[in-house]
Each structure stands twice: as structure tokens, then as C-alpha cells.
Amino acid sequence: MLYSYFDSDSNDSKSFELPGARPHYNPDRPGQVEHIFLDLVFDIPAQSFQGTCTITLNPIRSGINTLTLDAVDMEINQVKIGKHEVDFDHDGQQLQIHLNQPTEVNQTLKIAIDYTVDHPQRGLYFIGPNSDYPDKPIQVWTQGEDEDSRFWFPCFDYPGQLATSEIKVRVPQEFLAIANGELIATKTKGDDQIYHWLQKQVHPSYLITLAVGKFAEIKDEYNQIPVVYYVEKNRQEDAQRSMGKTPAMIEFLSQTFGYDYPYPKYAQVCVEDFIFGGMENTSTTLLTDRCLLDERATVDNRNTESLVVHELAHQWFGDLVVIAHWSHAWIKEGMATYSEVLWTEHEYGADEAAYYRLNEARSYFSEDSSRYSRPIVTHVYREAIELYDRHLYQKGACVYHMIRAELGDELFAKAIHTFVQDNAHKTVETVDLLRAIEKATGRNLLFLFDQYVYRGGHPKYKVSYSWDNDSKIAKVTIKQTQAKDSEKLSEANLFNLKIPIGFGYTKKSKGKSKKKSTEVDLKTVTVQVSDREQSFYFPLEEKPNFISFDVGNNFLKTVTLDYPVAELKAQLQFDPDPISRIYAAQALAKKGNLASAKALGEAMVSEPFWGVRVEVAKQLVKVKLDQSFDGLVAGLKDENPRVRRAVVNALAEIHTAASYQAIKPLVENGDPSYYVEASAIQAIAKIAAGNTEDEPTEAEAIALLEMVLQERAGWNEVVRSGAISGLSQMKTSEMALNLIWKYTANGVPQALRLNAISSLGRISTGQNNINLERIIQRLEELAKEDFFLTQISVVTALSQMETPKAIAILNDLAEHTMDGRVRRRAEEAVQKIQKNLGSDKAIKQLREELDKMKKENQELRSRLENLEAKTK
């Protein structure tokens with residue numbers, strides 16, 4: 001599963017375990033579910049269906065009189081065991097089936113439950129046109145993870161119970177119905193079509209899926225296994241463009257995991273209004289239709305490619321090898337996320353993979369610093385969906401990479417092959433991965449798991465270097481800055497790792513360019529870093545040109561380098577590892593001198609890898625010198641759109657007419673990249689809003705953005721969303737607010753509307769009290785909508801406001817939402833607002849609100865008394 005499309009940093013909460021968190025365990029098993037058969041008839045216009053769920057259960061102990069299944073918000077009409085009807089109780093959450101006679105071991109039960117579902121709130125979703133969105137397609141699709149299958153069929157809804165499955169579904173003839181496994185029969189009945197799907201391999205209930213729609217079917221294959229893409233009928237070219245690498249990915253992952261693709265087909269179904277980025281249902285992945293790329297979007301958008309390989313990797317990690325409990329979900333989500341790195345390395349090279357991995361680590365670092373730090377494996381939570389965060393995905397991916405670095409490529413492959421082969425069609429916990437590693441390689445990596453998996457946090461290193469020319473000794477001092485509270489707590493926060501330190505020597509050779517004419521010799525020494533502060537002394541024959549801490553950058557960590565400028569310049573220019581060059585650029589920017597600006601400016605031109613150029617642009621703007629501006633402007637001509645985008649974002653931090661004029665042509669004339677154009681549009685607004693000169697004016701920038709909003713509709717509303725985000729920078733402008741307001745209305749394309757809703761919060765901080773009240777009232781109205789993405793956008797907006805009224809809306813939303821992700825985000829936003837308000841300010845505002853309410857109540861009472869007097 002992937003939902004990074006909707007993730008955001010919006011709070012300063014530090015505790016993962018919010019009030020109500022408790023330990024969670026799988027329930028006792030009454031037996032082994034062998035098969036689940038769903039026989040469904042849909043009434044799509046009525047958004048309802050009738051079904052029979054037949055569960056084949058093999059008891060594993062005798063004497064059970066009652067079976068308890070999960071069955072939420074459905075009407076149970078009848079329950080039979082075999083041919084005999086039995087009594088049952090249903091409280092709207094669980095179905096208790098009273099057996100006519102107690103269970104006996106190995107005496108199989110066939111339980112048939114006749115039920116009806118009307119307007120389901122979770123699990124199964126009816127999508128269709130309405131007055132605001134008349135062109136929306138008619139679709140029905142399911143989403144089971146984490147525990148939502150219980151909303152559309154009765155089941156033992158937890159991952160530790162594996163069974164084969166079967167779905168027979170009746171829909172109108174113009175619709176296709178796609179489910180797990182293979183299509184074993186189709187039958188026409190009147191105006192309807194009956195599809196019959198069978199999944200022969202066992203899987204948990206949350207991976208059972210169904211998708212219904214008027215889809216176009218694009219057929220591909222891998223080794224005679226059907227590979228099929230389902231999209232709306234006007235998106236066939238986008239489908240091939242977005243998912244066409246799937247067969248090559250299947251081959252790559254089959255080799256990587258040491259196990260041939262295990263299912264009879266692989267289907268990807270792109271659906272409207274999907275509540276995640278993608279979901280890896282067994283053999284039938286569902287994807288958001290927002291992942292479909294037009295031709296221009298492919299210029300600098302690999303998000304879809306990453307999404308496709310992520311969900312595909314789950315067919316092994318998650319579907320073939322199933323987690324026994326949600327607390328171990330990192331096994332599957334971490335590997336699916338790391339598969340994005342592995343595929344990037346395979347397809348685009350080692351530098352691209354290293355940079356991808358760095359950004360995965362940064363995503364986790366952001367959550368660790370702004371939300372909470374937690375162990376990757378924990379069974380203490382309120383809802384399992386809370387575990388699906390950046391610790392699970394991105395930190396989990398970094399843990400897999402550290403395992404690979406510790407073992408080496410050959411033994412890592414052997415360990416992963418062993419893990420998959422030994423646990424195919426079984427459930428696993430984290431300890432099973434450790435055991436597979438030990439079995440395959442003889443290595444015990446518990447030390448790594450103890451530090452990175454079973455506890456929270458990561459090392460934060462500050463590394464300094466000096467050279468004693470008389471004694472020819474290099475001194476490297478390493479501090480772990482994450483350990484800085486009480487002495488006892490500090491010791492608990494320390495990491496004990498063997499870290500390679502490289503001393504780089506450069507030597508000129510024949511060649512034309514600097515990079516090609518210089519050879520680098522890296523002498524590496526490994527040191528044990530375990531204390532809060534340690535100094536290491538290295539006798540060397542000569543002074544090194546640069547120092548590389550954690551050669552290969554395999555450990556998950558943050559690093560601050562305190563080296564002399566000369567060594568940093570040499571590292572930026574010559575270190576073979578792009579991540580080390582990035583660290584050098586960061587350290588140079590902190591120096592803030594002319595030499596640093598010159599070195600960074602040269603790197604904007606000479607650095608061969610676009611990822612490093614992106615990072616150099618981010619750092620160059622921090623050096624507040626004229627030379628920085630000149631170096632950035634040169635980067636606007638970079639051939640790589642991601643570099644141009646970074647340069648535009650950097651120039652946006654320089655609030656001058658010169659930076660405005662440098663970026664303005666990209667807004668007026670466009671750019672081959674949607675993202676560069678969107679960033680330019682946002683940048684001119686940011687410059688105008690913060691400008692202290694006569695030009696540009698806010699009015700000029702708003703006029704330009706209004707033109708964009710009227711004329712630049714495009715893929716996923718990326719460009720117009722840039723205009724909305726730009727308007728939100730003009731925090732005191734009522735004209736900007738009114739433009740944003742217009743696009744929060746129903747009927748506005750969803751992607752643009754969601755951005756406008758979020759932007760209400762950003763612009764609110766500079767508005768007057770009248771407009772602030774307008775914004776609050778609008779967000780209160782929007783909070784009543786039940787669509788997940790709208791609710792997330794409302795929470796994002798409210799989290800940026802500093803008023804008790806925002807807290808009231810968030811509390812109400814947290815109480816009434818059906819989605820645990822929204823609930824948690826709302827509660828964290830409340831904590832953030834309370835912190836920003838401060839107790840004195842909060843009490844003052846609450847008193848003002850109370851006085852206002854008292855006055856309104858007095859006015860209402862007076863009016864009521866007048867009415868009563870007139871009546872008498």
C-alpha cells in the first residue's frame with residue numbers, strides 16, 4: 001500500500017502513542033479458514049448489494065459453541081452451516097454464530113452468511129457522477145487494508161488468517177468486473193453479466209478485492225502470464241506510458257527475490273477517487289487514476305514508475321509472504337519502498353539510487369523531528385492504520401539497505417531468497433527475517449535490528465577534522481548529538497556502529513575536463529563509534545585532499561561536517577559518492593564566504609550528476625552574496641528539469657526585482673516541465689509578497705496568476721495548483737484570498753480544489769479578523785464532507801491557523817470521521833495549534849469567544865421574549 005500522495009508534515013507532536021493507545025494482539029483462532037466464496041449481486045444506482053459469503057472453516061480445537069466474525073454495518077439475513085439454519089447475534093460490529101453442535105477437530109464447517117450492504121461507509125466504494133461532477137465515471141472498488149474488508153463481507157479480519165478465495169459477481173453488461181486470481185467463467189443473464197474469479201493461492205482477507213467499471217483493457221504479458229492494465233476508455237495511451245515497464249519489473253523482481261512471479265495474472269486497475277496511491281491486492285493492484293501520465297508529465301515524473309514497482313514488489317513481500325500482525329508491516333512496506341531504490345539502481349544507475357535513498361531517509365527524518373519518534377515494530381496503537389507512516393515505509397527501506405550493506409550484495413540476495421522461499425504462502429514476523437539472514441549467511445544482525453527496528457531514532461553525527469602537518473596525523477572527532485538529555489537517557493540514545501572513514505587523494509591524469517582528468521584514491525579505515533564523543537588519530541603518509549565520513553553512506557543518519565573550506569571544496573569536486581558531495585555542499589554553505597559561493601557556483605556548471613546540482617542550488621541561495629544569484633541564474637538553463645525547478649525555488653527566496661525578472665519568462669512562456677512551470681508561478685508570487693522594492697507589485701503578480709488559473713489547465717492541475725499555492729503566499733491580500741476561495745467550490749477539478757482548501761490555512765495568517773472568520777466558516781462547511789482527501793485538506797488548512805475555533809472544528813472532525821488517518825492528523829493539529837497559541841493567548845481568545853457567545857445568547861433571549869409577548 002502507498003499513500004504518500006497525501007502525506008504532509010503538519011504538527012509538532014512528539015508522542016506516537018496518543019490517548020487511547022493500547023497493546024494489540026491477534027485474536028484466538030477457532031480454526032483455519034480454508035476458503036472464502038463471495039456471491040454478489042450489485043444494484044449500482046442504489047449503491048447497494050446483496051451477497052452470500054460462504055466460509056469453509058477447519059476447526060483446530062473441539063468444543064467451540066460460538067464463532068465470532070467481523071461484520072460492520074451490514075444486514076445479516078440468514079446464517080446456515082451446511083444445510084441447517086443456525087441462530088446468530090449481530091451488533092453492527094461483530095457477528096456471533098451459535099453452532100447447533102460444538103466443533104470437532106478436522107470436522108470442516110461450511111458457513112453460509114446471507115447479507116445485504118446499503119451505502120457502505122468503508123471497504124467498498126461506489127463512485128459516480130453528480131451535479132457538481134457530471135463527468136465522473138461509474139465505478140465500484142474495494143479497499144481492505146488495514147481492517148476494512150469487514151465492511152463489505154463477513155470475515156475473520158486480521159492478517160494472520162490465510163485462505164483461498166472466490167468471487168462471483170453480477171453487474172450490468174456494460175461493466176467489467178476484475179478480482180483476484182483467474183477468471184474461470186463468464187455468463188450472461190438478462191441485461192447482466194456474471195463474472196466468476198478464483199484465487200487458488202492463500203491470502204488474508206484484506207487482500208481480497210473487486211473493481212467494477214467501464215474500463216478499457218490493455219493486454220501485455222510476462223513469460224505467458226497475462227499482464228493487464230485497466231483504465232477509463234480515454235486513457236489507453238496514458239496507461240501504456242505509465243505502466244508499460246511492468247513486465248520488465250516482474251522479471252527484475254523475480255530475480256531479486258529469488259522466486260518466480262507466483263500468481264496466474266497481474267492486473268493493475270486505475271480507479272477514480274482512490275483513497276491511497278495504490279493497493280497491492282493479490283494479483284490485482286488498484287491504483288489512483290492520478291498516477292496516469294500524459295506525455296509532458298513524463299519529462300520529470302518518475303513517481304508513477306516508483307508506485308508501480310512498489311505495489312508489484314508487494315506481490316512477494318506482503319502477498320506471497322504475509323505479515324502475521326500489523327506491527328510487523330515494515331517487512332512488506334519497507335521492502336516495497338526499498339524496491340523503488342533497487343529498481344532505480346537497475347534502470348538508472350547507482351548515483352540515481354543513492355539520491356533516491358537519501359530522499360527516502362529525509363522523508364523519515366522529517367517525520368521523526370516534526371511528529372514523533374517510534375520503534376518500527378510496536379504493537380501499541382489505537383488503530384493499525386496509524387502504523388502506516390514514514391517510519392514504516394522510508395525508515396524500513398533504509399533498514400533493508402543497511403542489511404544489504406552489512407552483508408554485501410551476494411549474501412544479501414541469498415538472505416532475501418531464503419526468506420521468501422522458506423516463507424512462501426505463510427505468515428511471518430520480524431524474527432523470521434533475522435532467522436533467514438542467519439540461516440543463509442551465518443550472520444546475526446540483531447545488533448542492527450535492536451538499534452534501528454526495535455527502538456526509535458537514528459544517530460546524528462557532527463564530524464570535525466584537523467591535520468597535524470608535523471606528525472602527519474589526521475584527527476577525526478565524532479559526536480553523537482542526539483544524546484543530549486540526562487546522562488542515563490543519553491547512553492540509551494547512543495548508537496554503536498562500525499563506520500568506514502575514507503581519506504581521499506587526487507592525482508592528475510590525461511583528459512580534457514576536470515572530472516575526467518583527476519583520479520581519486522580513497523584509503524578507507526573502519527572505526528567503532530559508540531560514545532557520545534570520540535576522537536580518532538590516523539597516521540598518514542601525506543595530507544589527504546578530502547575526508548569522507550561513512551564511505552558509501554550506507555547507515556541511516558544525519559551528518560554535519562566541520563572541515564576546512566579546502567577539504568570541503570575538494571570533496572564537493574572529487575568524492576565518488578554523490579551523497580558525500582551533497583554533505584560537502586551543505587557544509588560549504590554554512591561557511592557563508594566568497595570561497596564557498598564560488599565553489600558552489602562552479603559546481604552548478606561542472607557537477608555531472610543532476611541530483612547533486614539540485615542540492616547545490618538549495619545551498620547556494622543560503623550564501624547571501626551577489627555571486628550566489630549569478631550562479632543560480634546560470635542554472636535556469638540546466639538541461640535537467642529537476643535542476644531548473646530547484647533553481648527556481650532557490651531564486652524565490654531572493655525577494656528582489658532581479659529574481660522576479662529572471663523567473664517571469666518561465667511563467668509567461670512556460671517550460672517543458674509542468675513542475676518547473678508550477679514552481680515558477682509559485683515563485684513570482686512569493687517574491688512579490690516579500691518584496692521591499694517598488695517592483696514587482698502584488699497586483700502585478702496576482703494578475704499573472706489569475707491568467708494562469710484561467711488558461712493553464714493540465715495534467716493533475718499541477719500548474720494551476722502552483723498558482724493557488726503562490727496566491728497563498730500573499731497573506732495580507734484580500735484579492736488573493738478571494739481567488740483561492742473561488743477554487744474551493746464543488747465542481748472545481750478535485751486536485752485543484754484540494755490545493756485551494758489547504759491554501760486557505762496558509763493565507764489565513766495575514767488576513768484581518770473579518771476574513772479570518774470567513775475562512776473558519778468555510779472550513780467548517782468543508783469539514784462536513786466525507787471524502788478522505790477533502791478531510792485531509794481541511795485538517796492541513798486548520799493546522800496552520802492560530803485560533804481556538806480551528807480546534808473546535810478539528811475536534812469535531814476527529815470525532816466523526818470514519819478514517820483513522822484523518823482522526824490522528826486532526827488530533828495532532830490540535831496539539832500544534834495549542835502549542836502555537838500558548839496558554840495565555842489561548843485563555844484570552846477563549847474568554848473573548850465566551851463573551852461573544854454570551855452576547856449572542858442574550859440577543860436571542862431578548863428576541864424570543866419579544867416574540868412570546870407578541871403571541872400573548
Side-chain angles (χ1 to χ4, degrees), residues 36-55 69-80 88 90 92-93 95 112-144 148-155 157 165-180 183-198 205 208-215 217 230 232-233 269-275 281 284 286 289 785-788 818:
I36 299 172
F37 178 29
L38 302 178
D39 193 351
L40 310 173
V41 178
F42 278 91
D43 185 344
I44 294 176
Q47 297 194 3
S48 65
F49 65 93
Q50 186 275 329
T52 300
C53 173
T54 303
I55 297 174
L69 281 75
D70 300 298
V72 181
D73 292 343
M74 59 183 67
E75 183 179 348
I76 307 298
N77 304 314
Q78 184 186 67
V79 179
K80 285 185 175 181
F88 63 88
H90 183 230
Q93 297 291 317
L95 171 64
I113 305 163
D114 183 79
Y115 69 105
T116 306
V117 177
D118 183 30
H119 288 82
Q121 297 300 302
R122 303 281 296 170
L124 185 142
Y125 299 80
F126 289 92
I127 307 298
N130 54 39
S131 57
D132 294 313
Y133 298 96
D135 297 325
K136 185 173 286 191
I138 299 172
Q139 294 178 352
V140 182
W141 47 261
T142 65
Q143 171 54 41
D148 284 356
S149 287
R150 63 186 67 188
F151 286 85
W152 71 283
F153 66 93
C155 55
D157 198 11
S165 68
E166 192 172 355
I167 295 181
K168 184 187 288 186
V169 57
R170 180 173 172 176
V171 296
Q173 278 191 28
E174 64 266 30
F175 290 92
L176 288 176
I178 306 104
N180 311 92
L183 185 63
I184 59 174
T186 57
K187 180 181 178 182
T188 302
K189 190 168 185 178
D191 293 333
D192 294 340
Q193 190 81 358
I194 298 172
Y195 293 86
H196 193 168
W197 292 86
L198 175 64
S205 58
I208 296 176
T209 193
L210 177 65
V212 177
K214 299 176 183 178
F215 298 116
E217 183 181 54
Y230 294 94
E232 284 299 306
K233 290 183 178 177
V269 190
C270 295
V271 296
E272 184 90 5
D273 288 351
F274 198 51
I275 61 173
N281 309 296
T284 306
L286 267 57
D289 63 354
E785 297 185 16
D786 58 7
F787 183 42
F788 161 67
M818 293 288 293

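Keep in mind that this is a model prediction, so the values were computed, not measured. These values consider heavy atoms only, across backbone and side chains, with no hydrogens, waters or symmetry-generated copies.
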Is it true that a side-chain atom of [X] and a backbone atom of [Y] form a donor plus acceptor pair closer than 3.5 Å?
{"X": "Thr284", "Y": "Ala179", "result": "yes"}
{"X": "Trp152", "Y": "Gly144", "result": "no"}
{"X": "Thr142", "Y": "Leu210", "result": "yes"}

Pair Gln50, Asp43: side-chain N/O donor-acceptor within cut-off below 3.5 Å: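 Their side chains do not contain a donor-acceptor pair, so the 3.5 Å distance test is not met.
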Flag for Asp39-Thr54: side-chain donor and acceptor within less than 3.5 Å: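 Side chains of Thr54 and Asp39: no pair found under 3.5 Å.
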Close side-chain approach of Asn180 to Ile208, heavy-atom, < 4.5 Å: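 They are in contact (side-chain heavy atoms under 4.5 Å apart), so the answer is yes.
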Atom CG of Asp191: over 12 foreign heavy atoms under 6.0 Å: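 It does not: Asp191 CG has 12 such atoms or fewer within range.
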Lys187 atom NZ: more than 12 heavy-atom contacts under 6.0 Å: no
Using every non-hydrogen atom in the two residues, find where [X] and [Y] come nearest and quote the distance to one decimal.
{"X": "Asp192", "Y": "Pro172", "result": "OD1-CA, 3.5 Å"}
{"X": "Ile275", "Y": "Phe788", "result": "O-CE2, 3.4 Å"}
{"X": "Asp73", "Y": "Phe151", "result": "OD2-CE2, 4.1 Å"}
{"X": "Lys136", "Y": "Pro129", "result": "O-CD, 3.3 Å"}

Leu40: which of Phe49, Phe153, Tyr195 passes side chain to side chain contact (heavy atoms under 4.5 Å, CB included): Phe49
